[in-house]
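Here the structure is laid out as structure tokens; the discussion comes afterwards.
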Amino acid sequence: MANLSILNRKQHIIFSLQSSEGYSFDIDGKALSCISLLHVRSLVIALISVIMLVACERHTPTWKQMDVAESLMNVRPDSALAVLEGIQASDIKGKETSARYALLKSVALDKNYIDTTTFDILQPAIDYYIDHGSPDEQLRTYYYQGRIYQNQGNNDSAIQSFMRGKDFCQEASDTLIMANLMVAQATILYSTYKIDDYIKNNLEAAKLYHAINRPDYEISCLANVLDGSILNNDRTLADSVMSIAQERVKHNSELGIVIAPYALSYALKFGDKEDIVDILYHYDRMQDLSDETKLDFVEADCKIGDSYNANRFMNSIDSTSQVRTSLKYLAIKSDVLELNGDIAGALTAYRKFSTTIDSIHMNIFSRDLLFAQERHEMEKANLMEKQRVDRIIWLSLCIVFILLIITGYIYYRYRLGKAKSLLDTQEKQRLQLEKNNLIKENENLELKSRQVELECERQSLAAENLRLKIEQLENESEALKELLEERKDLSKPIEDAIKIRIEMLNGLLASRITDNNSYAEPYGTWKDQIIQDKDKFMNSTRLAFKASHPKFIEYLEQHGLTEAEINYVCLYAVGLRGKEVGEYIQLKRHYHISSDIRKKLNIDAHQTNIGIYIRKLMKQL
């Protein structure tokens, strides 16, 4: 098993401390009217005092010194620590100032590689920022709290702090602290054999380091992911991480020393004997190999059966090195002894390995470290549920209070306006009744007036229509009379048709003038006859038009219209419309006749009305 390459705890941290302290007062206008002037003045004075205190606190010499220390933190951490240590304790006043100083001091100590195992320095930041800090301040505070727990060896409390800090990663903007927290948490996860979570944390941290252009930190996380994928026997992930790491090394060759030791572990897990021999040949020329790398060499030599080099590298490991107490050393020692033929020694070494690993497992399960994440999730869920219940309770109380106020106000207005409402209602009803009566009277008058106007208009129109009809009848009768006098050569049928029409027109005209229906009796008899005998009526109409409009009839004959079609056209000539013509002749071929006539007269079927065309043609000819 390859050793874990842990990202150096002394990584540089870049962040900008920002803190704000605000106060707000929400004073209802109606409640204000009930407060005495003295209370209002007290509130205003208190508000101004708080604002002045906050403004003064942020412009004190101590605050300016902390600004200087923060500006030096990334480039000269030793100078930043000197500036902070130069601030007198008596000058640090106020919770916010104390919190900022505590956090900056913790950062400076970490950047100067000074281990801290107590909370004496960080405690003011924990007391203030956990409840009042911004997401970035809360994230940083939890991170350094976890680092102190980690220095104490209290991994259970450390993992709790890291998980609480991780809750603020969605809102915080300090990418470097987020990545550092992921790596620190991954270190503890590795010790509990949560390799999947260990890989996940290092992958997330690598992405964050890449986003802020920290390839040195990114390559260390990729090395950790590669180590985890080798432990999980996940070659796909290992190949993917190896290709990314090689791409980073191309741009920065100095990073190769970080990823190189894992090439041997990769070959031991996924390669063949030739791959292992090539890598051993490459590393054999290197000087100052670490004890962890030497242990990898021993494992590789055991795999290829090289007992001489396996013993050589095993014996070269420093006797005081912590590597000799590791599980990997005990496991490989058993393989080396077996390779040398010392079966009894190999068995003893293997028993020691089994006893040690059981002890480690018992130690892990004796603590709550394995269940820290589950416990954190439960605590988080319980807290969210409690907050939800509290919000529901407060919302319910507010709603009840508002409903009570509204109910009281409504009841007061109801009692106050009840009598007035009754009087107003009665008065409105009376006025409305009078108004309705007036409206009805006005409507009746307007209706009667309108009826009178309509009747007058109707009578006027009737009189005008009667005058026009009489005039039309007179004109037609005179025209027919003149035609008989002028045309002595008319045939007998035509002359009889004209005389019959003159007689009927005279009778109808007399009935209109004298308003005596007896004059219209011959007309009524004639009308009934022609309605019954349609062919006779249409023939007589054609003969009458042949006498009165000979050019019109001649034009129709020239265009090839038959006698029946000319009779059909004459119905349009007397003023009938298409629908009326169809109802009169009662023929199914009505529309076919009309279509044939249109074709012979070259009438557009879609643009010209045949009745209008015929009457216009008759006037032109």
Side-chain angles (χ1 to χ4, degrees), residues 6-15 17 19 62-63 65-66 69-70 72-74 76-134 136-168 174 176-178 180-192 322 363 366-369 372 375-376 379:
I6 304 173
L7 187 61
N8 195 316
R9 188 170 57 86
K10 301 301 188 293
Q11 292 174 348
H12 293 290
I13 302 163
I14 304 173
F15 65 88
L17 290 175
S19 57
T62 302
W63 197 273
Q65 285 180 283
M66 288 191 291
E70 185 177 350
L72 295 171
M73 192 70 69
N74 300 312
R76 297 289 302 276
D78 54 341
S79 300
L81 181 60
V83 171
L84 292 171
E85 289 180 342
I87 299 175
Q88 298 295 325
S90 58
D91 295 333
I92 303 173
K93 299 177 180 179
K95 294 182 178 180
E96 186 178 6
T97 302
S98 299
R100 188 186 183 198
Y101 177 83
L103 192 54
L104 283 174
K105 185 71 174 291
S106 299
V107 175
L109 290 173
D110 187 71
K111 284 183 174 291
N112 284 279
Y113 307 106
I114 300 173
D115 288 335
T116 304
T117 57
T118 65
F119 291 97
D120 296 341
I121 297 174
L122 186 62
Q123 194 61 48
I126 296 173
D127 294 339
Y128 182 80
Y129 286 138
I130 293 301
D131 295 325
H132 304 97
S134 65
D136 280 319
E137 291 164 344
Q138 291 173 317
L139 170 64
R140 295 163 188 155
T141 302
Y142 275 122
Y143 171 70
Y144 281 103
Q145 183 187 48
R147 295 293 293 135
I148 293 173
Y149 280 129
Q150 206 170 12
N151 292 338
Q152 294 175 349
N154 187 355
N155 286 340
D156 185 50
S157 298
I159 201 73
Q160 287 288 336
S161 297
F162 292 147
M163 284 189 292
R164 291 191 180 100
K166 197 172 182 180
D167 291 338
F168 296 97
D174 195 334
L176 183 58
I177 289 293
M178 295 181 201
N180 291 343
L181 185 145
M182 296 287 185
V183 174
Q185 188 179 18
T187 304
I188 301 175
L189 292 170
Y190 185 85
S191 66
T192 60
Q322 293 183 352
N363 184 40
S366 65
R367 296 180 296 168
D368 293 333
L369 187 60
R375 187 169 65 252
H376 174 71
E379 291 175 357

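Please read these numbers as outputs of a predicted model, since none were measured by experiment.
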task = Take His132 and Glu96 through the test side chain to side chain contact (heavy atoms under 4.5 Å, CB included) and record every step on the way to the result.
result = CA-CA 9 Å; His132 304 97; Glu96 186 178 6; over 6 Å; no
Least distance between heavy atoms, [X] atom then [Y] atom:
X	Y	answer
Ala69	Ala80	O-CB, 3.3 Å
Leu109	Thr116	CD1-OG1, 3.9 Å
Ile148	Leu122	CD1-CD2, 3.8 Å
Tyr142	Gly165	CB-CA, 3.7 Å
Ala158	Gly146	CB-O, 3.5 Å
Ser98	Pro124	O-CB, 3.8 Å

inquiry  = Between Asn112 and Ala108 (side chain of the first, backbone of the second, donor and acceptor by atom type, cut-off under 3.5 Å), is there such a pair?
reply    =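 Yes, because the side chain of Asn112 sits within donor-acceptor range (under 3.5 Å) of the backbone of Ala108.
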Can you measure from [atom1] ([X]) to [atom2] ([Y]) and round to the nearest 0.5 angstrom?
X	Y	atom1	atom2	answer
Arg140	Tyr129	CZ	OH	8.5 Å
Gln65	Tyr101	CD	OH	9.5 Å
Gln145	Thr141	CD	OG1	8.5 Å
Leu81	Ile114	CG	CD1	5.5 Å
Met163	Gln185	CE	CD	6.5 Å
Ser106	Ile126	OG	CD1	8.0 Å

task = Start with the C-alpha distance between Lys105 and Glu85, add both sets of side-chain angles, then the distance that settles side chain to side chain contact (heavy atoms under 4.5 Å, CB included), and finish with yes or no.
result = CA-CA 8 Å; Lys105 185 71 174 291; Glu85 289 180 342; 3.8 Å; yes
Salt bridge flag under 4.0 Å for residues Lys95 and Asp127 =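 Judged by the 4.0 Å cut-off on N to carboxylate O distance, Lys95 and Asp127 do not form a salt bridge.
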ask   = Is the closest basic N to carboxylate O distance between Asp78 and Arg76 below 4.0 Å?
value = yes
Within the 4.5 Å heavy-atom criterion, are [X] and [Y] side-chain neighbours or not?
X	Y	value
Arg100	Glu70	yes
Phe162	Ile188	yes
Gln138	Arg164	no
Thr97	Met66	yes
Tyr143	Asn180	yes

message = Whether the Gln160 and Asp156 side chains hold a donor-acceptor pair (N or O, under 3.5 Å, no angle test) is what I'd like checked.
response = no
inquiry  = Is it true that Gln152 and Thr117 share a donor-acceptor pair across their side chains at a distance under 3.5 Å?
reply    =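 Note: Thr117 and Gln152 side chains miss the donor-acceptor criterion.
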message = Quick check on the 6.0 Å ring-centre criterion: do Tyr149 and Phe119 meet it?
response = yes
